[in-house]
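Okay, so here's the structure we're looking at.
Model, not experiment: these values are computed from the prediction. So you know, we letter chains A, B, ... as the sequences are listed, proteins then strands, and number each from 1.
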Amino acid sequence: MTPPATKVTPISGFPELLPADRLLELHFLDTIREVFELHGFAPLETRAVEPVERLLGKGGDADKEIYGVSRLAGEETGRDADLGLHFDLTVPFARYVLEHAGRLQFPFRRYQIQKVWRGERPQEGRFREFTQADIDVVDVGELAPHLEAEMPLVVAEAFRRLPVGEFRIQVNNRKVPEGFYLGIGLTDVAGTLRVVDKLAKIGPRKVTEQLVAAGATEEQARLALALADIRSGDLSFVDEVRALGVSHPTLDEGLRALAAVVAAGAEQAPGTLVADLSVARGLDYYTGTVYETQLVGSEEWGSVCSGGRYDSLASDGRTTYPGVGISIGLTRLVHLLVAKRGLTASRSTPAAVLVAVVDEESRARSGRVAATLRGRGVPCEVAPSAARFGKQIRYADRRGIPFVWFPGTDDAGDQVKDIRSGEQVDADAATWTCPAQDLRPAVVTRD
RNA sequence: GUGGGUGUAGCUCAGCUGGUAGAGCAUCGCGUUGUGGUCGCGAGGGUCGCGGGUUCAAGUCCCGUCACUCACCCCA
């Protein structure tokens with residue numbers, strides 16, 4: 001019986017990688033995880049689903065992007081509570097904190113690397129299923145402000161260990177534009193932010209047009225644009241904002257908080273943190289500090305890492321657990337580096353050595369060589385068939401496996417060949433050393 | 001959800017004013033019966049996205065539909 005020939009097609013927004021690219025992604029994942037653990041974040045995984053009502057209203061328009069989960073043969077009556085796939089890792093984490101508060105120690109630091117789902121229209125670098133690598137800290141009642149500076153610095157450390165090139169983490173505090181807009185009489189804070197955020201994309205003229213169309217005066221639009229134009233790697237942005245002559249208590253509060261974050265960044269990782277007063281987006285639950293990250297030279301890719309502070313996401317009505325976190329868009333980051341910068345892994349398998357098979361009678365001997373190599377930490381595999389050596393070498397070559405091991409016949413000893421150079425030398429599996437740079441797949445640029 | 005573009009081999013694509021499918025790359029085999037990459041020869045592989053219509057005849061023209069894709073929205 002042959003199954004019906006179902007057309008095999010990709011599903012838009014659900015990316016799948018080839019082995020070499022997945023190895024690259026795993027390298028990123030391992031590096032990020034190592035840095036997170038070096039900073040003492042505890043590992044956590046939450047279930048993929050939450051009650052839909054817990055997901056709703058947390059991400060602004062994200063509501064309509066939530067994927068619901070149901071049984072195909074589910075009955076209308078007596079069905080399970082409505083479940084939805086989480087669209088980020090912060091909302092489930094907030095729920096987890098409430099659920100386990102009695103068994104956690106605060107401030108609680110955790111990292112979480114998982115798939116999330118958003119039912120939006122896919123585009124280059126935007127997916128419906130993707131992986132986020134998230135760190136957060138929550139505390140009870142009050143959250144120390146210095147944690148807002150720590151989050152981006154941890155990410156910066158991870159990024160410095162990865163082949164992403166130069167990057168810039170932009171920081172803002174939502175209270176700055178909020179207080180500023182209120183100070184100049186613009187009461188639609190969210191709407192104004194949404195328009196101003198398009199500045200880089202559509203230019204100041206169109207932003208002004210849209211602001212005026214939304215009810216702002218020319219002068220209000222001018223000031224809003226002037227604020228969005230301010231950015232600095234030091235504290236000079238404070239004076240620049242002051243120079244615009246607007247005052248409001250919320251603005252003062254925001255400037256103070258932002259200055260503290262930028263000062264800490266400038267001291268601990270000069271050049272990586274930049275105050276950028278045009279950054280204001282992200283999910284609705286952010287209440288203060290917000291982050292966005294661009295790779296220098298690839299700003300059009302959008303943010304590859306964002307986050308912020310949320311003061312009221314986790315609350316049981318009596319106790320509130322304010323938190324701050326940041327999330328690396330691993331799927332977007334890796335996808336764009338592969339597609340746009342030609343990054344990949346040097347081979348399509350972890351194996352560093354292919355152990356050749358002389359004939360099927362001696363397969364066990366090849367197996368013993370492989371076991372010895374593995375015992376010494378050298379990833380290897382045994383050739384699938386005792387074909388001519390030319391074919392066995394080609395098997396390795398196609399996969400990028402750098403070494404082919406030839407078990408000796410009769411009294412002859414083993415030999416190992418570096419198929420890139422063609423050099424072949426006597427070798428003993430119990431003592432041979434694989435060059436460190438060949439032990440694991442390396443990051444390389446295609447072509 | 002709204003608007004544009006595109007659907008032909010595993011991949012990238014050609015196929016003109018309709019006349020029963022082609023190239024390059026990839027894969028596999030042979031030349032090369034323990035040593036690959038080059039080169040040469042050969043082979044396999046297609047309901048031309050799907051459904052309907054026009055026609056003697058449709059990959060080609062018309063309608064519908066689905067998928068992919070780009071932009072808006074929103075965001076990692």
Side-chain angles (χ1 to χ4, degrees), chain A residues 4-15 18 28 32 58-66 86-90 113-134 155 190 193-195 197-198 201-202 206 210 279-284 286 290-295 301-308 325-336 354 356-359 362 366 383 385-410 412 415-424:
Chain A
T6 310
K7 189 91 174 176
V8 176
T9 57
I11 301 178
S12 178
F14 291 80
L18 291 171
F28 275 63
I32 289 165
K58 298 297 182 1
D61 285 347
D63 282 11
K64 64 186 180 203
E65 298 176 352
I66 295 169
H86 56 225
F87 59 85
D88 75 353
L89 300 178
T90 309
I113 302 174
Q114 282 180 248
K115 287 276 171 64
V116 304
W117 295 267
R118 293 181 195 173
E120 58 189 329
R121 274 303 226 270
Q123 282 172 46
E124 176 89 271
R126 306 182 49 202
F127 304 100
R128 299 198 286 194
E129 176 180 75
F130 58 99
T131 299
Q132 290 195 322
D134 212 290
V155 169
L193 279 176
R194 206 176 312 122
V195 175
D197 190 71
K198 298 181 194 169
K201 208 172 203 173
I202 64 176
K206 292 215 165 182
Q210 292 190 17
V279 170
R281 306 278 294 297
L283 298 166
D284 274 2
Y286 296 130
V290 287
Y291 318 103
E292 243 180 53
T293 308
Q294 324 272 336
L295 297 193
W301 294 359
S303 177
V304 293
C305 172
S306 338
I326 193 164
S327 185
I328 300 172
L330 185 71
T331 306
R332 167 179 290 180
L333 182 64
V334 171
H335 172 89
L336 289 170
L354 175 75
V357 175
V358 176
D359 47 41
S362 69
S366 296
S385 74
R388 339 187 306 255
F389 283 174
K391 287 194 182 179
Q392 300 196 41
I393 291 169
R394 194 168 60 162
Y395 177 96
D397 188 41
R398 292 284 159 85
R399 291 161 178 74
I401 299 172
F403 296 100
V404 176
W405 192 281
F406 297 105
T409 49
D410 302 323
Q415 293 200 312
V416 66
K417 179 191 186 83
D418 182 332
I419 64 174
R420 296 161 299 188
S421 64
E423 186 191 13
Q424 186 166 334

**Asked** What about A:R126: does its side chain form a donor-acceptor pair under 3.5 Å with the base of B:A76?
**Response** no

**Asked** For A:S421, which of A:E423, A:K417, A:Q424 qualifies under side-chain contact (heavy atoms from CB on, under 4.5 Å)?
**Response** A:E423

**Fill in**
Contacts of A:R126 meeting salt bridge (charged side-chain N to carboxylate O under 4.0 Å, His left out) (sequence neighbours excluded), chain-then-number -> A:E120

**Request:** Can you figure out which of B:A76, B:U35, B:C73 approaches the side chain of A:K198 most closely?
**Result:** B:C73

**Request:** Might you confirm whether atom CD1 of A:I202 has over 12 heavy atoms from other residues, nucleotides or ligands at distances under 6.0 Å?
**Result:** yes

**Request:** Would you indicate, yes or no, if B:G37 has its OP1 or OP2 atom less than 4.0 angstrom from a side-chain nitrogen or oxygen of A:R394?
**Result:** no

**Message:** If I pick the C1' atom on B:G24 and the same atom on B:A14, what distance separates them, to the nearest angstrom?
**Reply:** 10 Å

**Message:** Between P on B:G36 and NZ on A:K417, what's the gap in Å once rounded to a whole number?
**Reply:** 8 Å

**Message:** Taking syn as a glycosidic torsion within 90° of 0 and anything else as anti, which one is B:G34?
**Reply:** syn

**Asked** Taking atom P in both B:C11 and B:G49, what distance in whole Å separates the two?
**Response** 13 Å

**Complete:** Assign each of A:R388 and A:G302 the nucleotide of RNA chain B bearing its closest heavy atom; nearer the 5' end lies the nucleotide of A:R388

**Residue pairs involving residues 390-403 of chain A (criterion salt bridge (Lys or Arg N to Asp or Glu O under 4.0 Å); sequence neighbours excluded)** = none

**Message:** By nearest atom, which of the nucleotides B:C68, B:C73, B:A76 is closest to the A:R332 side chain?
**Reply:** B:A76

**Asked** What is the distance from CD of A:Q415 to C1' of B:U35, rounded to the nearest Å?
**Response** 11 Å

**Fill in**
For A:D197, the salt bridge (charged side-chain N to carboxylate O under 4.0 Å, His left out) test, sequence neighbours excluded, returns A:R281

**Asked** So what does A:R398 touch, heavy atoms closer than 4.0 Å: a base, only the sugar-phosphate, or nothing?
**Response** sugar-phosphate

**Asked** With rounding to whole Å, what would you report as the distance between B:C62 and B:A21 at their C1' atoms?
**Response** 23 Å

**Prompt:** In whole Å, what is the span from the CG atom of A:D397 to the P atom of B:A26?
**Reply:** 13 Å

**Prompt:** Expressed in whole Å, how much space separates the P atoms belonging to B:G64 and B:A71?
**Reply:** 26 Å

**Item:** Partner set under side-chain contact (heavy atoms from CB on, under 4.5 Å) for A:V195, not counting sequence neighbours
**Value:** A:V207, A:Q210, A:L211

**Message:** Expressed as a whole number of angstroms, how long is the span from A:I202:CD1 to B:C73:P?
**Reply:** 8 Å

**Asked** If you write RNA chain B from 5' to 3' in dot-bracket form, with Watson-Crick or G-U pairs under 3.5 Å, [ ] for crossing pairs and | for pairs with another strand, what do you get?
**Response** (((((((..((((.....[..)))).(((((.......))))).....(((((..]....))))))))))))....

**Prompt:** Ring centroid separation for A:F127 and A:H335, is it under 6.0 angstrom?
**Reply:** yes

**Prompt:** Between A:S12 and A:V304, which is nearer to the 5' end of RNA chain B once each is assigned its nearest nucleotide?
**Reply:** A:S12

**C1' atoms of B:G45 and B:G4, separation to the nearest Å** = 35 Å

**Request:** Measure the CD-CZ distance between A:Q132 and A:R332 for me, rounded to the nearest 0.5 Å.
**Result:** 10.0 Å

**Request:** Would you kindly give the OH-to-P distance between A:Y395 and B:C28, to the nearest whole Å?
**Result:** 11 Å

**Request:** Please work out if A:E124 contacts a base, only the sugar-phosphate, or nothing of the nucleic acid, heavy-atom cut-off 4.0 Å.
**Result:** sugar-phosphate

**Prompt:** Tell me: CG of A:D197 to P of B:C74, nearest whole Å?
**Reply:** 9 Å

**Request:** Rounded to the nearest angstrom, tell me the gap between atom CG in A:L193 and atom P in B:C74.
**Result:** 12 Å

**Asked** Do A:F130 and the base of B:A76 stack face to face, with centres under 5.5 Å apart and an angle between planes under 30°?
**Response** yes

**Item:** Whole-Å C1' distance, B:U60 and B:U54
**Value:** 13 Å

**Message:** Can you identify which nucleotide, out of B:U35, B:C75, B:U2, has its nearest atom closest to the A:R121 side chain?
**Reply:** B:U2

**Item:** 4.5 Å side-chain heavy-atom contact, A:F406 and A:I393
**Value:** yes

**Fill in**
note: A:K391, atom NZ; B:G31, atom C1'; distance rounded to Å ~ 12 Å

**Message:** Under 3.5 Å, is there any donor-acceptor pair linking the side chain of A:E292 to the base of B:A76?
**Reply:** no

**Item:** Side chain of A:F127 - closest among B:C74, B:G29, B:A76
**Value:** B:A76

**Message:** Within the 4.0 Å heavy-atom criterion, would you say A:T409 contacts the bases, only the backbone, or no part of the nucleic acid?
**Reply:** base

**Prompt:** Which is true for A:V404 with a 4.0 Å heavy-atom rule: it touches a base, it touches only sugar-phosphate, or it touches nothing?
**Reply:** nothing

**Item:** salt bridge (charged side-chain N to carboxylate O under 4.0 Å, His left out) against A:D134, all qualifying residues, sequence neighbours excluded
**Value:** A:R110

**Item:** B:G15 and B:G51, which share atom name C1', separated by this distance in whole Å
**Value:** 24 Å

**Asked** Of the candidate nucleotides B:U35, B:A76, B:G37, which contains the atom at the shortest distance from the side chain of A:I393?
**Response** B:U35

**Message:** Of the options B:G34, B:G36, B:A76, whose atoms approach the side-chain atoms of A:I419 most closely?
**Reply:** B:G36

**Request:** Under 4.0 Å between any heavy atoms, over every strand shown, what does A:G422 touch: base, sugar-phosphate, or nothing? Just pick one.
**Result:** base

**Complete:** Of B:A76, B:G29, B:A71, the nucleotide closest to the side chain of A:Q123 is B:A71

**Item:** Rounded P spacing from B:U2 to B:A58 in Å
**Value:** 35 Å

**Request:** Quick one: label A:I11 by what it contacts on the DNA or RNA (base, sugar-phosphate, nothing), any heavy atom closer than 4.0 Å.
**Result:** sugar-phosphate

